[in-house]
Protein chains: 2
Amino acid sequence: MPSSVPRRRTRKDPAARRAEIVDAAAGVALREGLECVTLRRVAEELDVRPGLISHYFPSADDLVAEAFGSAATAETDALLPEEGPEGTPTEHLARFLARTTGESYDAISRLWINARHLSRYREALRERVAVQEAAWRARLEGLIRQGVETGEFRTGDPLVTTLQILVVLDGLGVDVNVGEEDLPEAVTCMAFRTAERELGLRQGTLTRVAESGQPSG
Amino acid sequence: MPSSVPRRRTRKDPAARRAEIVDAAAGVALREGLECVTLRRVAEELDVRPGLISHYFPSADDLVAEAFGSAATAETDALLPEEGPEGTPTEHLARFLARTTGESYDAISRLWINARHLSRYREALRERVAVQEAAWRARLEGLIRQGVETGEFRTGDPLVTTLQILVVLDGLGVDVNVGEEDLPEAVTCMAFRTAERELGLRQGTLTRVAESGQPSG
DNA sequence: CCTGCTATTGGTCGCGCACTCAATAGTTGC
DNA sequence: GCAACTATTGAGTGCGCGACCAATAGCAGG
């Protein structure tokens, strides 16, 4: 009794296969965490053998870094589209803050916490996190500079303001894995208040725009 | 040739041994991270057999949680002594912020990031983190209430102010594992500015007190 | 001194992990 | 229809992990 029948093989274009692997890995990273991005787990996801993953990623660390990069890039683009097709910087910023404060952002927060911690042990990931952070900052800074140009925002140093907003956002997201808690509103809207204060907007401006910005839900 | 000579055994009082284990585990957690707190690693630290650790901690998860609790409690006490022996609330707060901004705080930041992430997978740790966070908040809130009583601080809601300061501190600490970066001063001193603003202090008050507070060194 | 208690050991088991490599089977081009 | 190329498999290695358990040795009380 030959216990194993030979497996059906589906042979794919290397580039496509690689992309497929990265996608699957990014999915696992988002749903289950970066430490679950293992050769075996990703192989299972695609119904192939672990050796194949090794073939495309001789070092598993690179796969993890790539998985994070892919997931983070996708999310960055969703939250802060490179070219705002329509709408003022104020509207974009308001939408951005609303999204990063909303519950649906929890998965992304988790991913970032995950990546920042795992960076301690994995060099490839550490570099990737640094790159993504730079991109993230640049995107927000661009938006703010734009607003300064149109005269909507007023700030002495767009970079500093960008960083200040990000510090608050990071601080707010820190507890996704622990918190059963409901924070007081004065805390949850810190990002809005900080942005308004540092950009010379009247308090409540961004909150109000954010509310009227996505009314039909 | 009997390859193994029997080992010398040092028999200790259970309570003392347990404490010793927790201490060693806390040390490993601080230096190498919570995922390195394994039966084998802790046993090696104490020069005993892994089975012994299992004996005191039938579930390894409990050991990890305990290690974090021990390390975090020690650090909390160091940063915010329960009973300030001398000094005004303003001075205490200034010292606290100075310490949590200083470089020596990096190890603690790392530990918290570590714990908050690992909480995703380990329930015992998650509960422990929640407890430590509550303690941490209570301590800072107590200090702020004290300052309100003496009239040094003015805030409508001490709890909210406490949380706001903590959000900023968390946000600032988020990048210890990644950052080669030097942030602009306007960003590194956000915690001071936030505290001053929310407590009705003149800008620079806390920074100045912090500087004159630890002059000789 | 020896008897009983138990803290401690040594060994084992099964798991999931990354990594390696020869063999195999799809695919493409002739 | 055949040959060369290579994407994919299958099998195996060694590692560290948590968990379990019977045997042992240190210590205290009689």
Side-chain angles (χ1 to χ4, degrees), chain A residues 1-25 28-29 32-67 114 118 121-125, chain B residues 1-25 28-29 32-67 114 118 121-125:
Chain A
M1 162 176 176
S3 57
S4 64
V5 282
R7 249 183 94 78
R8 172 75 198 161
R9 299 185 181 190
T10 11
R11 196 187 176 99
K12 296 199 174 176
D13 174 73
R17 183 63 98 181
R18 195 190 157 89
E20 192 184 40
I21 292 174
V22 171
D23 273 2
V28 172
E32 305 168 27
L34 288 165
E35 23 277 289
C36 296
V37 176
T38 66
L39 303 182
R40 286 169 160 77
R41 183 71 190 80
V42 173
E44 178 192 355
E45 198 79 2
L46 294 173
D47 195 35
V48 296
R49 303 289 125 207
L52 184 61
I53 313 296
S54 274
H55 177 67
Y56 286 94
F57 291 90
S59 160
D61 277 18
D62 292 336
L63 175 59
V64 173
E66 200 74 11
N114 194 169
L118 209 58
Y121 304 105
R122 312 223 188 194
E123 196 184 334
L125 179 60
Chain B
M1 160 177 177
S3 58
S4 64
V5 284
R7 248 184 94 77
R8 173 75 197 163
R9 301 185 180 190
T10 13
R11 196 187 176 98
K12 297 200 173 175
D13 174 71
R17 183 62 99 180
R18 197 191 155 88
E20 191 184 39
I21 292 175
V22 171
D23 273 2
V28 172
E32 306 168 27
L34 288 165
E35 23 277 289
C36 296
V37 176
T38 67
L39 302 182
R40 286 170 163 77
R41 182 71 190 80
V42 173
E44 178 193 354
E45 198 79 2
L46 294 173
D47 195 36
V48 297
R49 302 290 124 205
L52 184 61
I53 313 296
S54 274
H55 176 68
Y56 286 94
F57 291 89
S59 160
D61 277 18
D62 292 337
L63 174 60
V64 173
E66 200 75 12
N114 194 169
L118 210 57
Y121 304 104
R122 312 222 188 194
E123 196 185 334
L125 178 61

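Within every chain, numbering begins at 1; the chains are lettered A, B, ... in the order of the sequence lines, protein sequences first and strands thereafter.
The residue among B:G51 and B:T10 whose nearest nucleotide of DNA chain D lies closer to the 5′ end is B:G51.
B:R8 comes within 4.0 angstrom of sugar-phosphate atoms only, judged by non-hydrogen atoms across all strands, and of no base. Within 4.0 Å (heavy atoms only), B:F57 reaches no atom of the nucleic acid at all. Residue contacts for A:P58: at a heavy-atom cut-off of 4.0 Å it reaches the sugar-phosphate backbone alone, with no base atom in range. Counting any heavy atom pair closer than 4.0 Å across all strands shown, A:T38 reaches sugar-phosphate atoms only and no base atom. In this structure, A:R49 reaches the sugar-phosphate backbone alone: every heavy-atom distance under 4.0 Å involves primed, P, OP1 or OP2 atoms, never a base.
Among D:dT8, C:dT9, C:dA7, the nucleotide with an atom closest to any side-chain atom of A:K12 is D:dT8. In this structure, of C:dT6, D:dA7, C:dT9, it is C:dT6 that holds the atom nearest to the side chain of B:R11. Nearest to the side chain of A:Y56, among D:dT8, D:dG18, D:dA25, sits D:dT8. The side chain of B:R7 sits closest to C:dG10 out of D:dG16, D:dA7, C:dG10. With distances taken from any side-chain atom of A:R9 to the nucleotides D:dG18, C:dC19, D:dT8, the minimum falls on D:dT8. In this structure, of C:dT8, C:dA25, D:dG18, it is C:dT8 that holds the atom nearest to the side chain of B:R17.
Of the residues B:V22, B:D61, B:V37, the one that meets the side chain to side chain contact (heavy atoms under 4.5 Å, CB included) test with B:E66 is B:V22.
In this model, the phosphate group of C:dA7 is approached by a side-chain N or O of B:H55 to a distance below 4.0 Å at OP1 or OP2.
With salt bridges taken as basic N to acidic carboxylate O contacts below 4.0 Å, one links A:R7 and A:D47.
For the atom pair B:L125 CG and B:L34 CG, the distance stands at 6.0 Å (nearest 0.5 Å). Summarising the geometry, atom CZ belonging to A:R18 is positioned 12.0 Å from atom CG belonging to A:D23; distances are rounded to the nearest 0.5 Å.
Per the geometry, CZ belonging to A:R41 stands 17 Å off C1' belonging to C:dC15, to the nearest Å. One can place CG of B:L52 at 16 Å from P of D:dA25, the figure rounded to the nearest angstrom.
At a threshold of 4.5 Å between non-hydrogen side-chain atoms, the residues A:E44 and A:R40 do not count as touching.
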